[in-house]
Number of protein chains: 2
Amino acid sequence: MNEHPISCCPGKNHKMERFLEVCLLLLLYNEIGHGYGLMEQLEQFGFTKEELNVSTLYRTLRKMEKEALVCSCWEEGGPGPKRRTYEITDAGKEDLAQWINILKMRKSMIEQLIAVYAETTQNDKETK
Amino acid sequence: MNEHPISCCPGKNHKMERFLEVCLLLLLYNEIGHGYGLMEQLEQFGFTKEELNVSTLYRTLRKMEKEALVCSCWEEGGPGPKRRTYEITDAGKEDLAQWINILKMRKSMIEQLIAVYAETTQNDKETK
DNA sequence: GTAGACTATATGCATGATGCATATAGATAT
DNA sequence: ATATCTATATGCATCATGCATATAGTCTAC
């Protein structure tokens with residue numbers, strides 16, 4: 001996530017805080033993965049390559065392992081350098097389920113805010 | 001925001017990072033307000049009194065003033081202690097407009113994630 | 001008239017998430 | 001042999017937040 005996080009508002013800092021963690025859990029729910037490969041898969045959730053911060057990705061994965069949400073092992077033999085592959089644990093699945101609830105709430109809070117904003121700017125126009 | 005942030009998942013830390021700032025800007029778009037009074041108004045965006053951290057509220061307001069998104073002055077004469085009342089600036093209105101775009105994106109990212117999760121857990125059940 | 005409750009704002013300290021820069025190293029290509 | 005790509009990791013600085021605590025004026029009930 002270098003320079004301009006998302007193109008629409010250059011210079012504005014609006015990282016997705018912890019959202020990355022949830023995306024990773026979901027991707028690993030579907031299949032075992034490794035850091036570098038997960039980066040590409042993250043695009044389906046709206047991350048672009050420019051936004052993605054590699055350090056954050058790897059550190060997040062290690063943190064998740066510390067919390068026993070995922071477990072890792074080295075995969076050797078394939079082409080290129082060794083990969084640390086991650087697998088979701090049962091605790092990780094539970095954690096993901098909780099996050100989904102949180103995100104559902106967060107979504108409705110955002111919707112409410114957008115609705116109030118629309119109303120407010122509407123009134124603003126009318127009184128001009 | 002003491003103890004358990006949101007009742008559904010006790011112990012889980014899922015603060016709304018910076019969302020507070022956007023809510024405050026929107027409330028101040030509608031009318032001049034002061035810290036303590038804004039707290040109550042925040043309920044309409046899903047914040048509960050237990051979740052709200054007074055320190056964060058006041059500090060956020062002061063930070064926003066430093067960034068010239070709002071300006072403040074002391075209101076005297078009314079009942080109770082003096083209040084520092086805040087008013088949104090033009091820069092604040094522009095900032096809010098940018099945040100709305102960001103939140104719209106964030107919303108669609110969340111929706112995408114929830115959809116993928118639903119699909120994933122569906123497959124999970126079927127293969128059992 | 002004073003003790004306690006309520007309104008109101010502010011700040012120090014610790015923690016945690018993130019961005020940026022940098023380090024390391026094996027594999028592949030030219 | 002050198003450059004590029006894949007792959008993982010870490011140090012440093014900054015920022016947002018939670019918790020605890022400080023300060024002080026106002027209002028109410030006794």
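Quick note on labels: first sequence line is chain A, next is B, and so on, each numbered from 1. Just so it is clear, the values below take in all heavy atoms, side chains as well, and ignore hydrogens, waters and symmetry mates.
- Applying the salt bridge (Lys or Arg N to Asp or Glu O under 4.0 Å) rule to A/E65 yields the partners A/R62; only residues at least two apart in sequence or on another chain are considered.
- Distances shown here put every side-chain N or O of A/N53 at or beyond 4.0 Å from the OP1 or OP2 atom of C/dT18.
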Would you list the protein and nucleotides 10-13 of chain D atom pairs, both N or O, that sit under 3.5 Å from each other?
from, atom 1, to, atom 2, distance (Å)
D/dT10, O4, A/S55, OG, 3.4

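- Straight-line distance from the CG atom of A/L20 to the C1' atom of C/dT18: 10 Å, rounded to whole Å.
- For B/E75, the CD atom sits in a packed shell: over 12 heavy atoms of surrounding residues, nucleotides or ligands are nearer than 6.0 Å.
- Scanning for side-chain contact (heavy atoms from CB on, under 4.5 Å) contacts around B/C73 gives B/T85, with sequence neighbours left out.
- Regarding B/Y86, its OH atom lies at a distance of 14 Å from the P atom of C/dA8, rounded to whole Å.
- The side chain of A/R83 sits closest to D/dT8 out of D/dT8, C/dA8, C/dA17.
- Residues passing the side-chain contact (heavy atoms from CB on, under 4.5 Å) test with B/S108, sequence neighbours excluded: B/E111.
- Between A/K15 and C/dG19, a side-chain N or O to OP1/OP2 separation shorter than 4.0 Å is absent.
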Using a 3.5 Å cut-off and no angle test, enumerate the donor-acceptor pairs between side-chain atoms of residues 29-37 of chain A and protein atoms at least two apart in sequence or in another chain.
from, atom 1, to, atom 2, distance (Å)
A/Y29, OH, B/D124, OD2, 3.0
A/N30, OD1, B/T120, OG1, 3.4
A/N30, ND2, B/T120, OG1, 3.4
A/H34, NE2, A/G37, N, 3.3
A/H34, NE2, A/R83, NE, 3.3

Below 3.5 Å between N/O atoms, which protein atoms pair up with nucleotides 23-30 of chain C? Just atom names and distances, please.
from, atom 1, to, atom 2, distance (Å)
C/dA27, O3', A/G80, N, 3.4

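- Taking 4.0 angstrom as the limit, A/R84 places none of its side-chain polar atoms (N or O) nearer than this to OP1 or OP2 of D/dT8.
- For B/R106, the side chain to side chain donor-acceptor pair (under 3.5 Å) criterion is met by no residue, not counting sequence neighbours.
- In this view, B/S55 and B/N53 satisfy the side chain to side chain donor-acceptor pair (under 3.5 Å) rule, not counting sequence neighbours.
- A/Y36 places its OH atom 14 Å from the C1' atom of D/dA9, with the value rounded to the nearest Å.
- Applying the salt bridge (Lys or Arg N to Asp or Glu O under 4.0 Å) rule to B/E21 yields the partners B/R18, B/K63; only residues at least two apart in sequence or on another chain are considered.
- Atom CD of A/E75 and atom P of D/dA7 are 9 Å apart (whole Å).
- Put simply, CG on A/L61 is 14 Å from P on C/dA17, counting in whole angstrom units.
- Regarding A/E17, its CD atom lies at a distance of 14 Å from the P atom of D/dC15, rounded to whole Å.
- Taking each heavy atom of B/V70 and B/Y86 in turn, the nearest pair found is CG2-CD2, 3.7 Å.
- Counting to the nearest Å, the C1' atom of C/dT18 and the CZ atom of A/F47 are 12 Å from each other.
- With rounding to whole Å, B/L52 atom CG is found 15 Å from D/dA16 atom C1'.
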